Chemist: 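Take a look at the following structure, please.
In this text, all values refer to a predicted model and were calculated from it rather than measured experimentally.
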2 protein chains.
Amino acid sequence: MDLRHLRYFVMVAEEGHITRAAERLGIQQPPLSRQISQMERELKVQLFRRLPRGVSLTSAGQAFFSEAKAILSRLDHAVETAQRTARGEQGTLCIGIAPTAPFNPLVPLAIRSFRETFPRVSLILQEGLSNEIVGQFEREQMDVAFVRARQIHAEGVSVAALQEEPLVAALPSRHTLARTRTKPLQLRSLSSDSFIMIGPPGTGLYDETVAACRAAGFVPRLGQPAPRITSTLGLVAAGLGIALVPSTLQGARMTGVVYRRLQDPTPKAFLGLAWRRSNPSPILRNFLGLVRGMAERRAPEHHRAAKTANDDRSRT
Amino acid sequence: MDLRHLRYFVMVAEEGHITRAAERLGIQQPPLSRQISQMERELKVQLFRRLPRGVSLTSAGQAFFSEAKAILSRLDHAVETAQRTARGEQGTLCIGIAPTAPFNPLVPLAIRSFRETFPRVSLILQEGLSNEIVGQFEREQMDVAFVRARQIHAEGVSVAALQEEPLVAALPSRHTLARTRTKPLQLRSLSSDSFIMIGPPGTGLYDETVAACRAAGFVPRLGQPAPRITSTLGLVAAGLGIALVPSTLQGARMTGVVYRRLQDPTPKAFLGLAWRRSNPSPILRNFLGLVRGMAERRAPEHHRAAKTANDDRSRT
DNA sequence: TCCATGCCATACCTCAAAGGTATCAAGATC
DNA sequence: GATCTTGATACCTTTGAGGTATGGCATGGA
């Protein structure tokens with residue numbers, strides 16, 4: 001049997017009239033007549049009763065009719081779903097988010113904008129540090145991630161720069177340098193403090209912090225490591241050390257913590273978008289396009305220069 | 001698009017290999033290749049990625065794949081449903097039942113046997129007197145009914161006789177004639193009693209009772225009319241009158257009611273099956289066949305003679 | 001580097017079957 | 001009984017599905 005048969009059958013059933021159904025189908029009556037009786041022979045079921053005027057469904061025909069209509073509409077639906085999926089408008093996208101990323105307004109803005117543009121895509125948001133995200137990319141459990149690391153050490157994963165934001169020092173409010181809030185701080189002046197790090201070496205902020213201190217001429221003394229950004233600030237507030245954090249973190253006010261800008265050359269925190277280049281998901285393409293477009297609009301002059309990837313063939 | 005396309009697509013998706021899929025489909029590789037790409041062109045969606053070895057579904061292809069499989073299996077299901085419906089094995093049958101009919105074992109036996117033989121047919125059982133059933137037949141709300149009336153006064157409704165059972169007298173236990181339980185009673189001897197009737201004139205038992213009394217040489221005095229058989233027996237037990245009831249009613253023992261057989265010529269209660277001759281439902285055919293076969297097996301000698309209908313063209 | 005292999009795509013041919021035209025047959029209608 | 005309506009049948013045309021032969025591309029081993 002053929003979909004044509006189903007379509008013809010449904011039309012005849014709805015019209016109750018082969019000639020009229022043929023007209024609406026844009027064919028002649030005899031072929032339609034033949035298709036119907038052929039279908040009946042194939043199913044070994046009489047679908048219509050031939051009346052003096054027109055035809056009417058038998059009970060078997062009625063049963064088949066409702067199924068046939070459902071099948072046809074389901075097919076239409078399937079086609080639309082496939083097309084939407086191909087256009088990246090439907091499906092699932094798994095987004096990794098570095099713990100400090102959501103403080104940068106670009107991240108929530110991008111996600112909200114994507115949701116609005118592609119309402120049929122369901123997003124799975126997953127917090128994770130760069131090193132945790134590596135594994136997820138390799139297991140193909142993640143499509144894209146907002147990261148703080150300039151490179152992700154996994155085969156075929158690119159990182160596109162979105163923004164560079166200044167690092168600021170988070171100090172306990174009783175710290176001697178916490179008084180003069182307006183003047184930028186010399187990073188050197190923190191060389192004897194303990195640095196509270198988020199996550200192990202290899203993650204974005206860890207590496208940026210160490211690099212910044214090196215550039216300022218000292219090796220940071222490592223304090224208590226903290227698993228999450230909130231606990232980092234908690235430890236700072238408790239006076240257990242200081243931390244360098246992206247400036248947007250200042251949005252997270254915490255009693256007992258004071259933020260101080262740093263003097264030139266201001267160390268920078270990186271915010272980037274990582275994805276597997278071989279991932280063909282059209283949803284991913286849409287997401288990359290939207291987020292990168294957004295980042296360019298917000299900082300067009302930085303973008304080109306900062307754009308990078310973990311290997312030379314950085315075209316998506 | 002065609003069902004063939006769907007089937008081919010599913011096979012290729014399952015094999016991940018056009019050549020192998022073609023083999024399993026019993027066709028050559030080139031036509032299959034063409035059908036697939038034709039389908040992709042028609043849907044304007046790339047369903048497969050061509051790999052060096054074989055093909056793999058794109059995300060759109062995956063979305064379409066699960067739908068396609070569901071559609072195909074639903075189609076199979078639809079065909080089976082239609083065939084079962086045509087054979088009268090699936091659907092709905094609305095059965096009317098006269099209030100006194102279920103006491104005759106034939107009725108519950110027939111219904112149970114039908115249920116077991118055709119488990120996919122859902123039965124709607126509806127109690128009703130002959131005169132109520134007429135309207136339901138005319139509105140095509142009823143397919144078949146166990147009735148006590150020998151004729152149903154509705155156009156095109158036939159009644160087939162199933163059984164004739166003796167009428168017995170239901171007497172209050174304090175009735176003078178309730179003592180001698182073994183000897184059959186003269187119907188005449190009840191001529192001065194009030195008769196409790198179930199339902200109005202035109203219903204089966206009413207007419208049979210009046211006819212029996214007429215034959216015995218008197219016109220029955222009508223007592224309180226009763227809507228249901230149970231209330232009839234209640235009124236008898238209360239001493240408000242007597243009733244003639246089918247002998248199988250004796251199964252419904254009720255304190256205060258005594259049953260007495262009647263002397264020859266024993267008046268008879270009729271049990272028949274009514275249906276619209278123009279009703280083409282195959283389920284109805286099956287039901288008629290099963291019940292009539294059952295009745296013949298239980299009373300083969302009565303059946304032929306008693307068979308009747310409300311007009312001359314009594315073939316189904 | 002080159003050849004063999006595996007696999008999909010393309011070109012061209014054949015033939016089944018879908019659609020078209022003409023006409024018949026059976027009821028309904030007046 | 002003539003006419004209309006409507007589905008069925010006969011026969012022809014044409015579309016397109018399937019077959020055969022072959023090309024093209026990537027992989028993998030010598």
Side-chain angles (χ1 to χ4, degrees), chain A residues 1-58 60-62 64-65 68 72 155-156 277-278 280 313, chain B residues 1-58 60-62 64-65 68 72 156 278 280 313:
Chain A
M1 194 172 30
D2 232 33
L3 281 181
R4 185 174 357 92
H5 286 112
L6 285 189
R7 289 192 236 275
Y8 287 5
F9 166 73
V10 166
M11 186 62 84
V12 172
E14 281 176 347
E15 289 290 331
H17 200 285
I18 294 188
T19 307
R20 212 150 50 221
E23 254 171 56
R24 286 190 53 192
L25 288 165
I27 62 172
Q28 299 301 314
Q29 170 265 321
L32 182 55
S33 228
R34 242 183 306 138
Q35 293 295 326
I36 295 292
S37 43
Q38 179 180 322
M39 194 173 168
E40 291 180 321
R41 238 174 301 129
E42 194 179 334
L43 298 184
K44 300 191 195 77
V45 166
Q46 197 193 334
L47 297 169
F48 293 102
R49 257 185 302 279
R50 273 63 173 179
L51 306 178
R53 298 281 153 123
V55 296
S56 80
L57 285 168
T58 61
Q62 278 168 21
F64 196 67
F65 175 61
L72 289 177
E155 182 57 34
R277 275 193 307 286
S278 64
R313 296 170 305 146
Chain B
M1 195 173 28
D2 232 31
L3 281 179
R4 185 176 356 94
H5 287 111
L6 285 189
R7 289 192 236 276
Y8 286 5
F9 166 73
V10 166
M11 186 63 84
V12 172
E14 281 175 348
E15 289 290 330
H17 201 285
I18 294 186
T19 308
R20 212 152 49 222
E23 255 171 54
R24 285 191 54 193
L25 288 166
I27 63 172
Q28 299 301 315
Q29 171 265 320
L32 182 55
S33 230
R34 243 183 306 137
Q35 293 295 324
I36 294 293
S37 42
Q38 179 180 322
M39 195 172 167
E40 291 180 320
R41 238 174 301 129
E42 193 179 335
L43 298 185
K44 300 189 196 73
V45 166
Q46 198 192 336
L47 298 169
F48 292 103
R49 257 184 302 277
R50 273 64 172 180
L51 308 177
R53 299 282 151 121
V55 295
S56 80
L57 285 169
T58 61
Q62 279 169 19
F64 195 68
F65 175 60
L72 289 177
S278 63
R313 295 169 306 146

Chemist: May I ask you to test the B/F64-B/L6 pair for a side-chain heavy-atom distance under 4.5 Å?
Modeler: yes
Chemist: Given B/I18, which of B/E23, B/M11, B/Q29 fulfils the side chain to side chain contact (heavy atoms under 4.5 Å, CB included) condition?
Modeler: B/Q29
Chemist: Under 4.5 Å between any side-chain heavy atoms of B/Q38 and B/Y8, yes or no?
Modeler: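 Sidechains of B/Y8 and B/Q38: no contact.
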Chemist: Quickly work out the A/R49 CZ to D/dG7 P distance and round it to whole Å.
Modeler: 15 Å
Chemist: Report the distance from atom CG of B/L25 to atom P of D/dA17, rounded to the nearest whole Å.
Modeler: 15 Å
Chemist: Whole angstroms only, please: what is the CG-C1' distance between B/D2 and C/dA18?
Modeler: 11 Å
Chemist: Scan residues 4-11 of chain A against DNA chain C and write down, sorted by residue number, each residue with any heavy atom closer than 4.0 Å; if none is found, say none.
Modeler: A/R4, A/Y8
Chemist: Return the CZ to CD distance between A/R34 and A/Q28, rounded to the nearest 0.5 Å.
Modeler: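 If I round to the nearest 0.5 Å, the distance is 11.5 Å.
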Chemist: Taking side-chain contact (heavy atoms from CB on, under 4.5 Å) as the definition, give me every residue that meets it alongside B/E42, ordered by chain and number, with sequence neighbours left out.
Modeler: B/M1
Chemist: For A/E40 and A/L47, work out which heavy atoms get closest and say how close.
Modeler: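 Minimum heavy-atom separation between A/E40 and A/L47: OE2-N, 2.8 Å.
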Chemist: Return the set of residues passing ring-ring contact (aromatic ring centres under 6.0 Å, His included) with A/F48 (not counting sequence neighbours), or none when no residue passes.
Modeler: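 For A/F48, the residues satisfying ring-ring contact (aromatic ring centres under 6.0 Å, His included) (neighbours in sequence not counted) are A/F9.
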Chemist: Name the closest nucleotide to the A/I27 side chain, picking from C/dA9, C/dC7, C/dG19.
Modeler: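 For A/I27, the side-chain atoms sit closest to C/dG19.
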Chemist: Starting at atom CD1 of A/I18, determine the distance to atom P of C/dG27, rounded to an integer number of angstrom.
Modeler: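 Taking atom P of C/dG27 as the reference, CD1 of A/I18 is at 16 Å.
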Chemist: Return the minimal non-hydrogen interatomic distance between B/A22 and B/L32, and the atom names on each side.
Modeler: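 For B/A22 versus B/L32, the nearest heavy atoms are N-CD2, 3.3 Å.
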Chemist: Would you call B/S33 and B/R50 a side-chain contact if the rule is heavy atoms closer than 4.5 Å?
Modeler: no
Chemist: Could you check how far CE of B/M1 sits from P of D/dA17, rounded to whole Å?
Modeler: 13 Å
Chemist: Would you kindly give the CD-to-P distance between B/E15 and C/dC8, to the nearest whole Å?
Modeler: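 To the nearest whole Å, that distance equals 11 Å.
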Chemist: From CD of B/Q28 over to C1' of D/dG19, roughly how many Å is that when rounded to an integer?
Modeler: 7 Å
Chemist: Within the distance-only criterion (no hydrogens, no angle test), does the side chain of A/Q35 pair as donor or acceptor with the backbone N or O of A/H5 below 3.5 angstrom?
Modeler: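 Side chain of A/Q35 to backbone of A/H5, a donor-acceptor pair under 3.5 Å: no, none is there.
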Chemist: Sugar-phosphate means primed atoms, P, OP1 and OP2; the rest is base. With that split, encode nucleotides 23-30 of chain D 5' to 3' as B, S or - using protein heavy atoms under 4.0 Å.
Modeler: ---SS---
Chemist: Report the residues that fulfil side-chain contact (heavy atoms from CB on, under 4.5 Å) with A/L51, sequence neighbours left out, ordered by chain and then residue number.
Modeler: A/R49, A/S56
Chemist: Once you round it to whole Å, what is the distance between C1' of C/dG27 and NE2 of A/H17?
Modeler: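 It is 13 Å, rounded to the nearest whole Å.
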Chemist: Check each residue of residues 30-38 of chain B for a non-hydrogen atom within less than 4.0 Å of any atom in DNA chain D, then write out the ones that pass by number, or none.
Modeler: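 Heavy-atom contacts with DNA chain D come from B/P30, B/P31, B/R34, B/Q35, B/Q38.
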